[in-house]
Asker: 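Sharing a structure here in structure tokens format.
Numbered from 1 within each chain, the chains take letters A, B, ... in sequence-line order.
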Amino acid sequence: MSSPSPKDVRVRIAPSPTGTIHLGLARTTLFNWAYARHHGGKLILRIEDTDTDRSIPESEEQILEGLTWLGTQWDEGPGVGGPHEPYHQAQRVANHTLAADKLLEAGHAYRCFCSRERLNDLRTAMEAKKETPRYDRTCRDLERAESDARAAAGELFALRFRVQPGETVVNDLVRGKVTFQNADVDDWVMVRQGGNPTYNFVVVCDDADMQISHVFRGEEHLVNTPKQILLYQAMGLEAPEFGHLPLMLGKDGKKLSKRHGSVSLALFREAGYAKAATLNFLARQGWSLDGETEIFSMERFVEAFDICDVNKAGSIFDYEKFAWMSGEYVRLESLAELRENCTPFLIASGLLSAEQIAADPARLEGALALGQDRIRIYSEMPEQIAFLYSADDAVEYEEKAEANCRKHANRIQILKDYLAFLRPALEGGASAQDLRTAAKAWVGEQGLKFPQLFQPLRCALTGKAGGPDMFDIIAWLGTGSTIRRIELGIERLA
RNA sequence: GGCCCCGUCGUCUAGUCUGGCCUAGGACACCAGGUUUUCAUCCUGGCGACUGGGGUUCAAAUCCCCACGGGGUCACCA
């Protein structure tokens, strides 16, 4: 179990509104959320919109909607408010400016009058010499009076952090002690020319203001951490605890990104992965319950989750296993749940209209029951049950199904004979089980093998080579459709 | 290239902190059987890993060192 923190647990997620929810953000959110819930703490959502050029207006809306769908409800942030408003970074610039002034005053920051052009040249030159590009600290030792005068004269400047010699240790809850030499830390820009603060600066200001106790984020941020710790120290504040989550990787072992295909949470929703499976699978990225149990609820996850148990190594995202897990959850659903989850896909596919579904939900559930074991994601349901809803005279015969029938020379006679045998039973209201038993007995009496009857029968009724139990299908289709389809089969398979 | 992180089956992982119970367990995928009228589900079995090398120790996947491999990051992006 985690050592209980002396202060209240307050974790946060800080997405920038530059797109939709990436799988990485979803996992980071889930872990933060679980940690907060486990410790009775709070999850704060803060929108990192300092880069006005890259921010996309609809993006925030999509992020909020996506997180709401996931069910990782935040306790403070956009939509719910909280004691540390505003929760948009861009609206907190007054605080940032104040903090920047203090840092400048105290000598922890200095004005840099270097032009973008000079900086670019510098970087190119250093790269050419195969050195790590970094600021050469030209303005670091400018006299304060000169600096003030040039600023007063209207000269443009950025504000840089003055990194002092020494070393900085990150006590990472996932990775243990990580030590950085301050000599390797650049005098990074805190405030851009023009007054816009940068990420590394505002993230510290805001985390401090919002009394964030633990920062759990992707490993790509590990190298930023010394900068941030140094800043906390300069501001005379205690830094939060850090925990850097292992990266989620693509097939090639590199950080999951757009070029790997589906990395947007929305895409998986649209494809119809079960939500509970999505949560469950995300929880298994870099964490496991006990090494045995794959399927577990969020309640169990929250109960068992501890940041110390998170893996250090990155994990390749296994789409195949994700689909398997979705199937596991699909099979666990009640028919009412399945109907609700499949409805959008049935409508989108054009198989059924909302009106048709509303008119007879029980009938639909009967159809869904036939498909439940055969799909992994909801979007597969329409094609799975389409044959049930097709017009009797428009059942599409798959090539393989028809070929199976044509192997049996006497298929037509068998179908005719069986129809004659079936008709009275059907009209007498026999159950699926009765029909099944009777059919098997009939096949024996006729001296036939099962495929001789069942392959032509399946083709006539469904047009497919495989599928649900024949007699469940007959029961669902009803007497009229069943007879009609067999009659048509007798013609079409001749 | 500098700095930092990581390294158990093809993949996700248990085991590593607290060395022995590990001839390394589970899951996905794959293969083979079983069940079924068929497909799927389900059940059984199989395949399959401690990156390498040195130490320390009675004993190392577990501790130490080195090598190798992979990744992250080096912006007035976040």
Asker: Heavy atoms only, 4.0 Å cut-off, all strands: where does Asp469(A) land among base, sugar-phosphate and nothing?
Answerer: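 Counting heavy atoms under 4.0 Å across all strands, the contact made by Asp469(A) includes a base.
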
Asker: Could you check whether Arg259(A) pairs with Asp252(A) (Lys NZ or Arg NE/NH1/NH2 to Asp/Glu carboxylate O, under 4.0 Å)?
Answerer: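 Answer for the salt bridge query: yes.
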
Asker: For a quick check, with a 4.0 angstrom heavy-atom cut-off, what is the B/S/- contact string for nucleotides 3-17 of chain B, read 5' to 3'?
Answerer: SSSSS---BBSS---

Asker: Can Arg492(A) be said to sit on top of Tyr397(A)'s aromatic six-ring, NZ or CZ under 6.0 Å from centre and within 45° of the ring axis?
Answerer: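 Yes, Arg492(A) lies over the aromatic ring of Tyr397(A).
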
Asker: Across the strands shown, which category fits Leu159(A) at heavy-atom distances under 4.0 angstrom: base, sugar-phosphate, nothing?
Answerer: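 It contacts nothing in the nucleic acid.
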
Asker: Angle between ring planes, Tyr378(A) versus Phe345(A), binned at 30° and 60°: parallel, tilted or perpendicular?
Answerer: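 It falls in the tilted class, 30° to 60°.
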
Asker: Take atom CZ of Phe387(A) and atom C1' of U38(B), then tell me their distance rounded to the nearest Å.
Answerer: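 Between C1' of U38(B) and CZ of Phe387(A): 12 Å.
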
Asker: What does Lys464(A) touch in the nucleic acid at a heavy-atom separation under 4.0 angstrom: a base, only the sugar-phosphate, or nothing?
Answerer: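 If one applies the 4.0 Å heavy-atom cut-off, Lys464(A) turns out to touch nothing in the nucleic acid.
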
Asker: When all nucleic acid strands are considered with a 4.0 Å heavy-atom cut-off, which category describes Phe450(A): base, sugar-phosphate, or nothing?
Answerer: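 The answer is sugar-phosphate, as Phe450(A) gets under 4.0 Å only of primed atoms, P, OP1 or OP2.
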
Asker: Give a yes or no answer on whether the side chain of Arg458(A) reaches the backbone of Pro468(A) with a donor-acceptor pair at less than 3.5 Å.
Answerer: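 Flag set: sc Arg458(A) to bb Pro468(A) pair under 3.5 Å.
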
Asker: Over how many whole Å does the gap from Glu131(A) atom CD to G1(B) atom C1' extend?
Answerer: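 Roughly 10 Å, once rounded to whole Å.
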
Asker: Strictly distance-based, threshold 3.5 Å: is any side-chain N or O of Thr198(A) a donor or acceptor partner for the main-chain N or O of Met190(A)?
Answerer: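 Indeed, once roles are kept as given, a pair shorter than 3.5 Å links the two residues.
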
Asker: Could you tell me how the ring of Trp287(A) sits relative to the ring of Phe296(A): parallel (under 30°), tilted (30 to 60°) or perpendicular (over 60°)?
Answerer: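 The rings of Trp287(A) and Phe296(A) stand perpendicular, inter-plane angle above 60°.
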
Asker: Using atom CE of Met190(A) as one end and atom C1' of A78(B) as the other, report the distance to the nearest whole Å.
Answerer: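 Met190(A) atom CE is separated from A78(B) atom C1' by 17 Å.
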
Asker: Fit a plane to each ring of Phe31(A) and Phe305(A), take the angle between them on a 0 to 90° scale, and name the class: parallel (under 30°), tilted (30 to 60°) or perpendicular (over 60°).
Answerer: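 Tilted, since the angle between the ring planes falls between 30° and 60°.
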
Asker: Given the P atoms of U62(B) and U56(B), what is the spacing between them in whole Å?
Answerer: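 Between the two P atoms, the distance is 15 Å.
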
Asker: G26(B) and G20(B): how far apart are their C1' atoms, nearest whole angstrom?
Answerer: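 Result for the C1' pair: 23 Å, nearest Å.
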
Asker: Establish, with yes or no, whether the OP1 or OP2 oxygen of C76(B) is under 4.0 angstrom from a side-chain nitrogen or oxygen of Arg123(A).
Answerer: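 Checking Arg123(A) against C76(B): at least one side-chain N or O falls below 4.0 Å of OP1 or OP2.
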
Asker: Please state whether the phosphate of G71(B), meaning OP1 or OP2, lies under 4.0 angstrom from any side-chain nitrogen or oxygen of Lys254(A).
Answerer: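 The answer is yes; a side-chain N or O of Lys254(A) sits under 4.0 Å from OP1 or OP2.
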
Asker: Using atom P in both nucleotides, what's the gap between G15(B) and C63(B) to the nearest angstrom?
Answerer: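 Each nucleotide's P atom is 13 Å from the other's.
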
Asker: Need one value for Gln452(A): base, sugar-phosphate or nothing, where a base atom within 4.0 Å counts as base even if backbone is also close, heavy atoms only.
Answerer: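 Nothing, no heavy atom under 4.0 Å.
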
Asker: Specify the residues of residues 12-29 of chain A, ordered by number, for which at least one heavy atom lies under 4.0 angstrom from an atom of RNA chain B.
Answerer: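 When residues 12-29 of chain A is checked for heavy atoms under 4.0 Å from RNA chain B, the hits, listed by number, are Ser16(A).
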
Asker: Only pairs with both distances under 3.5 Å count, Watson-Crick or wobble alike; so what is the partner of U44(B) in this structure?
Answerer: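 Check on U44(B): paired to A32(B), both distances under 3.5 Å.
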
Asker: Using whole Å, report how far CZ of Arg137(A) lies from P of C76(B).
Answerer: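 Going from Arg137(A) (CZ) to C76(B) (P), I get 14 Å.
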
Asker: Between G52(B) and A61(B), how far apart are the two P atoms, rounded to whole Å?
Answerer: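 My reading of the P atoms in G52(B) and A61(B) gives 11 Å.
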
Asker: Quote, to the nearest angstrom, the P distance that separates G33(B) from G72(B).
Answerer: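 Nearest-Å result for G33(B) against G72(B) at atom P: 43 Å.
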
Asker: Identify whether any heavy atom of Gln193(A) sits under 4.0 Å from a base atom; if not, whether one sits that close to sugar-phosphate; answer base, sugar-phosphate or nothing.
Answerer: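 Base: the residue Gln193(A), judged by heavy atoms under 4.0 Å, touches a nucleobase.
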
Asker: In whole angstroms, how far is the P atom of U38(B) from the CZ atom of Arg458(A)?
Answerer: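 It is 9 Å, rounded to the nearest whole Å.
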
Asker: Measure from CG on Leu122(A) to C1' on A75(B) and round the result to the nearest Å.
Answerer: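 Going from Leu122(A) (CG) to A75(B) (C1'), I get 13 Å.
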
Asker: Considering every strand shown, what is the Watson-Crick or G-U wobble mate of U73(B) when both distances are under 3.5 Å?
Answerer: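 U73(B) is paired with G2(B).
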
Asker: Could you walk me through whether Phe322(A) and Phe268(A) pass the side chain to side chain contact (heavy atoms under 4.5 Å, CB included) test, one step at a time?
Answerer: CA-CA 10 Å; Phe322(A) 185 15; Phe268(A) 290 98; 3.4 Å; yes

Asker: Which part of the nucleic acid does Cys459(A) contact within heavy-atom distance under 4.0 Å: base, sugar-phosphate only, or nothing?
Answerer: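 No contact.
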
Asker: Any Lys/Arg nitrogen of Glu337(A) or Arg339(A) sitting under 4.0 Å from an Asp/Glu carboxylate oxygen of the other?
Answerer: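 No, this pair does not count.
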
Asker: His221(A) side chain: which of A29(B), U41(B), A78(B) is closest?
Answerer: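 Shortest atom-to-atom distance from the side chain points to A78(B).
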
Asker: How far, in whole Å, is A24(B) from C9(B) if one measures between their P atoms?
Answerer: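 Taking atom P in both C9(B) and A24(B), they lie 14 Å apart.
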
Asker: When all nucleic acid strands are considered with a 4.0 Å heavy-atom cut-off, which category describes His244(A): base, sugar-phosphate, or nothing?
Answerer: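 No contact at all - His244(A) keeps every heavy atom at 4.0 Å or more from the nucleic acid.
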
Asker: Count the heavy atoms of every other residue, nucleotide or ligand shown that sit under 6.0 Å from CD of Glu396(A), and state whether that count exceeds 12.
Answerer: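 No, not enclosed.
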
Asker: With both distances kept under 3.5 Å, what pairs with C68(B), Watson-Crick or G-U wobble?
Answerer: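 WC or wobble partner is G7(B).
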
Asker: Roughly how many Å is it from CD in Glu320(A) to P in A29(B), rounded to a whole number?
Answerer: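 Distance, rounded to whole Å: 6 Å.
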
Asker: Between C28(B) and C66(B), how far apart are the P atoms? Round to whole Å, please.
Answerer: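 Those two atoms are separated by 40 Å.
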
Asker: Take atom NE2 of His408(A) and atom C1' of U38(B), then tell me their distance rounded to the nearest Å.
Answerer: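 It is 11 Å, rounded to the nearest whole Å.
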
Asker: Can you tell me if the side-chain N/O atoms of Lys449(A) get under 4.0 Å from OP1 or OP2 in U37(B)?
Answerer: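 No, Lys449(A) has no side-chain N/O under 4.0 Å of OP1/OP2 on U37(B).
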
Asker: So, the side chain of Asp207(A) versus the backbone of Ile212(A): is there a donor-acceptor pair under 3.5 Å, distance only?
Answerer: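 Judged by distance alone, no pair lies under 3.5 Å.
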
Asker: Considering only atom P, compute the distance from C21(B) to A60(B) and round it to an integer number of Å.
Answerer: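 Comparing P positions in C21(B) and A60(B) gives a spacing of 11 Å.
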
Asker: Between Glu328(A) and Phe471(A), who's closer to the 5' end of RNA chain B by nearest nucleotide?
Answerer: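 First, find each residue's nearest nucleotide; the 5'-ward one identifies Phe471(A).
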
Asker: Between Arg160(A) and Tyr110(A), is NZ or CZ placed under 6.0 angstrom from the six-membered ring centre and within 45° of the ring axis?
Answerer: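 No; the conditions do not both hold, so Arg160(A) does not lie above the ring face of Tyr110(A).
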
Asker: With heavy atoms under 4.0 Å as the rule, sort Gly467(A) into base, sugar-phosphate or nothing.
Answerer: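 Here Gly467(A) touches the bases of the nucleic acid.
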
Asker: Taking the side chain of Leu247(A) as heavy atoms from C-beta outward, which of C74(B), G72(B), A78(B) is closest to it?
Answerer: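 Nearest nucleotide to the side chain: G72(B).
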
